[in-house]
2 protein chains.
Amino acid sequence: MVEDPTSLSIGQVAERTGLSIHALRFYEQEGLFVNAVRRGAGGRRVYDQDDVDWLTVCIILRASGMPLTVLRRYTDLVREGGDNAEERLALMREHQERVTSQISRLTESLDLIKFKVGVYEDLVDQGDAAAEQCHGSSLT
Amino acid sequence: MVEDPTSLSIGQVAERTGLSIHALRFYEQEGLFVNAVRRGAGGRRVYDQDDVDWLTVCIILRASGMPLTVLRRYTDLVREGGDNAEERLALMREHQERVTSQISRLTESLDLIKFKVGVYEDLVDQGDAAAEQCHGSSLT
DNA sequence: CTAGGAACTAGAGTCCCCTCTAGATCAACC
DNA sequence: GGTTGATCTAGAGGGGACTCTAGTTCCTAG
């Protein structure tokens with residue numbers, strides 16, 4: 001194999017991005033690459049660093065809850081080019097809002113969770129104390 | 001219907017919790033109620049405020065990403081009673097960790113998203129400026 | 001009495017996001 | 001030339017969490 005240092009096999013991309021090989025093919029099928037994935041010897045996919053960079057963005061957007069359909073729309077806009085910044089802006093702002101509200105929802109939930117943890121810590125402490133005083137009693 | 005103020009129909013519970021009637025039946029089927037749901041005239045489900053309170057907890061835990069299987073395990077522990085506080089504590093602590101790390105992942109993602117929003121804001125501004133100078137040109 | 005609306009059951013369907021299978025092909029090394 | 005290991009395609013499978021359907025039953029009001 002002619003070792004073009006800028007070209008990567010699907011396995012290498014999987015390794016670098018943490019996505020599975022299956023997922024990479026799936027993403028391609030779903031139109032989530034800005035540039036069509038080239039093919040090398042024997043029809044094998046050839047990626048480059050730009051693809052990895054783009055996937056990194058995709059992974060972050062996915063991790064923050066962007067559905068594939070939206071990610072795909074975004075990819076389309078990026079592929080399409082420069083004169084649709086408003087749309088990309090709108091899409092990103094919408095996503096930003098979703099993420100911030102998700103963070104605040106989680107933060108609120110965390111209050112309850114912390115409260116529950118506190119309650120059970122107390123219960124466990126009481127349980128231990130009771131056990132010391134009175135072996136094996138299950139008062140609580 | 002004898003209006004017992006403490007007993008609620010499935011429709012009332014759906015209204016108060018925001019869960020759908022379908023979801024309530026589904027949750028019951030999945031064992032997510034601490035106390036078996038009683039049945040009234042004609043086999044209809046009868047709930048009370050405790051059920052609503054419990055569902056409120058469930059909703060918060062679900063909203064913070066607890067899978068139904070874990071929620072079910074937790075429900076089992078609560079149903080079982082007082083001498084398993086350690087297990088409940090462990091479960092809640094684990095969930096707490098998941099939630100805190102999810103929050104930090106989201107917060108990290110938010111950095112990229114904000115950056116992108118900034119980039120597109122600039123692009124849009126430039127676009128507007130360019131459009132003022134030179135009607136309809138698409139330089140970017 | 002009848003109509004309307006709410007609830008019942010069992011089970012199928014949906015949506016999302018992959019993941020895996022099967023069987024074929026290809027490249028590289030010994 | 002043969003084996004090994006990576007890759008290919010098309011399509012099926014799976015898990016999570018509901019959601020909906022169909023057909024029926026029941027309560028309440030008019």
Side chain of [X], heavy atoms from C-beta onward: which of [options] has the nearest atom to it?
X       : options               : answer
B/Leu68 : D/dT7, D/dT19, D/dC18 : D/dC18
A/Arg62 : C/dC17, D/dC20, D/dA6 : C/dC17
B/Arg39 : C/dT9, C/dA7, C/dC18  : C/dT9
B/Phe26 : C/dA7, D/dT19, D/dC8  : D/dT19
A/His22 : C/dT21, D/dC8, D/dC18 : C/dT21

Over how many whole Å does the gap from [X] atom [atom1] to [N] atom [atom2] extend?
X       : N      : atom1 : atom2 : value
A/Tyr47 : D/dA6  : OH    : C1'   : 13 Å
A/Arg25 : D/dT7  : CZ    : C1'   : 6 Å
B/Met66 : D/dA17 : CE    : P     : 11 Å
B/Arg72 : D/dG16 : CZ    : P     : 11 Å
A/Glu28 : C/dC17 : CD    : P     : 18 Å
A/Gln29 : D/dA10 : CD    : P     : 8 Å
A/Leu19 : C/dC17 : CG    : P     : 14 Å
A/Ile21 : D/dA10 : CD1   : C1'   : 17 Å

TODO: Mind running side chain to side chain donor-acceptor pair (under 3.5 Å) on A/Gln49 and A/Asp53 for me, showing each step along the way?
DONE: CA-CA 6 Å; A/Gln49 188 56 40; A/Asp53 293 346; 2.9 Å; yes
- [ ] Return the minimal non-hydrogen interatomic distance between B/Ile103 and B/Thr107, and the atom names on each side.
- [x] O-OG1, 2.6 Å
Is there a side-chain contact between [X] and the phosphate of [N], meaning an N or O under 4.0 Å from OP1 or OP2?
X       : N      : value
B/Arg45 : C/dT9  : yes
B/Tyr27 : D/dC18 : yes
A/Ser9  : D/dA6  : no
A/Ser20 : C/dC18 : no

- [ ] For B/Thr69 and for B/Arg44, find the nucleotide of DNA chain D with the closest heavy atom, then tell me which residue's nucleotide is more 5'.
- [x]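 It is B/Thr69 whose nearest nucleotide is closer to the 5' end.
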TODO: Decide whether B/Gln102 and B/Arg105 meet the rule of one side-chain donor and one side-chain acceptor closer than 3.5 Å.
DONE: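 Yes, B/Arg105 and B/Gln102 have a side-chain donor paired with an acceptor closer than 3.5 Å.
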Open item on the list: Do B/Tyr47 and B/Glu28 have side chains that approach each other closer than 4.5 Å (heavy atoms only, starting at C-beta)?
Closed with: yes
Open item on the list: Are the side chains of B/Lys116 and A/Arg88 in contact, using a 4.5 Å heavy-atom criterion?
Closed with: no
